[in-house]
Amino acid sequence: MAAAASAAPATEIERVFRQEYGRAVAVLVRLVGDIDLAEEAVQEAFTTAVQQWPQAGLPPSPAGWIITTARNKAIDRQRREASRPGRYADAALLHARGEPAEEGPVHDDRLRLIFTCCHPALAESAQVALTLRLLGGLTTAEIARAFLVGEPAMAQRIVRAKGKIRDARIPYRVPADADLPERLRPVLAVVYLVFNEGYLSGSGAAPVREELRAEAVRLGRLLAELMPDEPEVLGLLALLLLIQSRQPARTAPGGALVLLADQDRSRWDRELIAEGQALVRRCLRLGRPGPYQLQAAINAVHSDAPTAAATDWRQIVRLYDQQMALAPTPVVALHRAVAVAETDGPEAALALVEALDLDAYHLAHAVRADLLRRLGRDAEAVRAYEAALARTENEAEREFLEGRLRELR
Amino acid sequence: MKQYLLSIYQPQGGMPEPEFLEAVMTDLGVLRRELESTGCWVFGQGLHDPSTATVLRPGNGEVLLTDGPFTEGKEYLGGFTILRAPDLDAALAWGRRYALATHLPVEVRPFQGEAED
């Protein structure tokens with residue numbers, strides 16, 4: 001037994017860090033009532049782990065070990081600094097008011113932390129940064145790199161947000177059921193934004209992008225585990241899994257973008273598809289549709305088709321109709337038009353696209369260009385591709401649009 | 001308990017219709033009584049318009065007086081309420097009601113330190 005427990009390799013410690021950092025910070029915030037102190041204590045505990053575990057082996061409960069060690073370090077520090085007035089004098093900073101001190105199955109500390117990080121009184125950019133830092137354990141430098149912001153600016157954003165949580169007393173609490181739908185919206189938006197940033201944003205280094213997507217999926221899984229009865233939470237996770245399942249087929253060897261219709265479907269990740277589709281079915285049974293669930297359902301229809309030609313476009317148009325009934329936005333209408341092109345032809349779709357007010361959005365021009373191209377109106381298609389090019393900085397997208405332009409000229 | 005300042009911002013320009021103003025005053029009265037009965041009320045009052053303001057600026061050991069508000073803007077501080085609340089969510093819930101009652105934007109800002117429970 002002793003032999004089996006010995007010599008924890010660095011990768012094991014890294015795995016424990018990824019998996020348990022957020023939980024440890026969340027528990028510590030509740031215990032010590034201060035985010036900075038909680039973070040410092042958890043980081044110190046991991047530093048100690050890195051020193052001890054390679055020789056001593058993983059403890060039976062690594063998470064428990066980290067939390068206990070961090071708590072002891074926090075208590076030590078509070079004692080040391082007790083004489084120093086100010087820092088902790090403004091006591092009871094973050095309160096889990098009226099809730100039992102012990103961890104319950106429903107009100108996991110991580111859930112409290114998510115709702116605190118994504119409080120609507122914080123700017124979305126601050127919500128994202130705090131969530132990645134406190135729950136994901138990403139460093140300020142990593143978050144700055146991912147969002148193409150300078151590290152000092154990102155550090156300042158995080159310090160300011162933590163200051164507001166402390167000084168304005170943003171509560172450390174899961175919202176009451178009545179407030180949940182409204183408070184859940186920014187939480188889901190943050191996770192989706194992190195995923196999209198990892199999926200399709202500007203230049204950014206590839207490993208950082210992968211890391212962001214993985215982090216978003218991890219957060220999505222965590223939310224689904226903590227709120228298994230919230231259909232939009234399940235819908236978001238399903239959506240992320242289904243999009244992620246196509247990642248291996250999304251880029252050509254040279255890095256160029258491959259459209260859904262042209263992807264090698266044998267390279268799609270079947271396990272992620274099965275998991276995503278099972279979640280979509282669970283959403284259907286719950287019978288409370290929402291935007292994330294509908295987007296997931298549309299992606300599930302694509303995942304079902306063995307070839308692009310076999311896609312059930314009528315079903316997809318119906319799902320977009322439902323989405324339009326819930327939240328009629330021009331972007332949803334644009335995607336619906338793409339599906340209509342398949343059921344009713346490019347002429348019908350073009351009329352829909354031209355009625356939309358989306359001039360600043362490169363994708364609207366790209367869709368219009370494609371429809372014009374299919375209608376043989378090449379000169380107009382060229383102008384539309386040029387308009388799309390003028391509106392995106394993304395390398396892979398630019399390459400794709402330039403390729404289409406070359407074909408037409 | 002913490003104390004929060006709820007500042008109500010008003011656009012420059014004429015007074016609204018009397019019926020409108022009457023409805024606003026009724027709603028504000030209800031809110032104030034509710035704050036008082038729950039022990040959350042600290043202080044609150046409307047302000048005269050910015051043309052009644054005087055600014056004092058120190059310099060070289062002297063203080064210079066100027067007529068008018070500190071900053072000229074399209075909006076000005078029309079009045080404020082100070083209330084006690086356990087956390088920001090509670091303060092924002094009151095703030096939301098002030099915004100709906102006055103039809104005006106409300107800024108919620110925490111005071112430093114603690115208020116007695």
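Because only heavy atoms are used, hydrogens play no part in the values below, and waters and symmetry mates are left out as well, while side chains stay in. Each chain gets a letter, A, B and so on, in the order its sequence line appears, and its residues count up from 1.
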Review point. A:Ala168 versus chain B, heavy atoms under 4.5 Å apart: side chain, backbone, both or neither?
Key: both

Practice item. Take A:Leu122 and A:Ile170 through the side chain to side chain contact (heavy atoms under 4.5 Å, CB included) test and state the conclusion after the steps. Key: CA-CA 10 Å; A:Leu122 298 171; A:Ile170 289 177; 4.0 Å; yes

Review point. At what distance, to the nearest 0.5 angstrom, does CG of A:Asp108 lie from CG of A:Leu226?
Key: 5.0 Å

Check your understanding: Is it true that atom CD of B:Glu22 has more than 12 heavy atoms of other residues, nucleotides or ligands lying nearer than 6.0 Å?
Key -> no

Study note, to complete from the structure: The side chain to side chain contact (heavy atoms under 4.5 Å, CB included) partner of A:Val187 among A:Leu180, A:Leu219, A:Leu223 is A:Leu223

Exercise for review: Would you name the heavy atoms of B:Gly95 and B:Leu6 that are closest together and state the gap between them?
Suggested key: CA-CD2, 3.7 Å

Point to revise | Residues in residues 126-139 of chain A near chain B [non-hydrogen atoms, under 4.5 Å] | key: none

Review point. Between CG of B:Leu35 and CZ of B:Arg84, what distance do you get to the nearest 0.5 Å?
Key: 11.5 Å

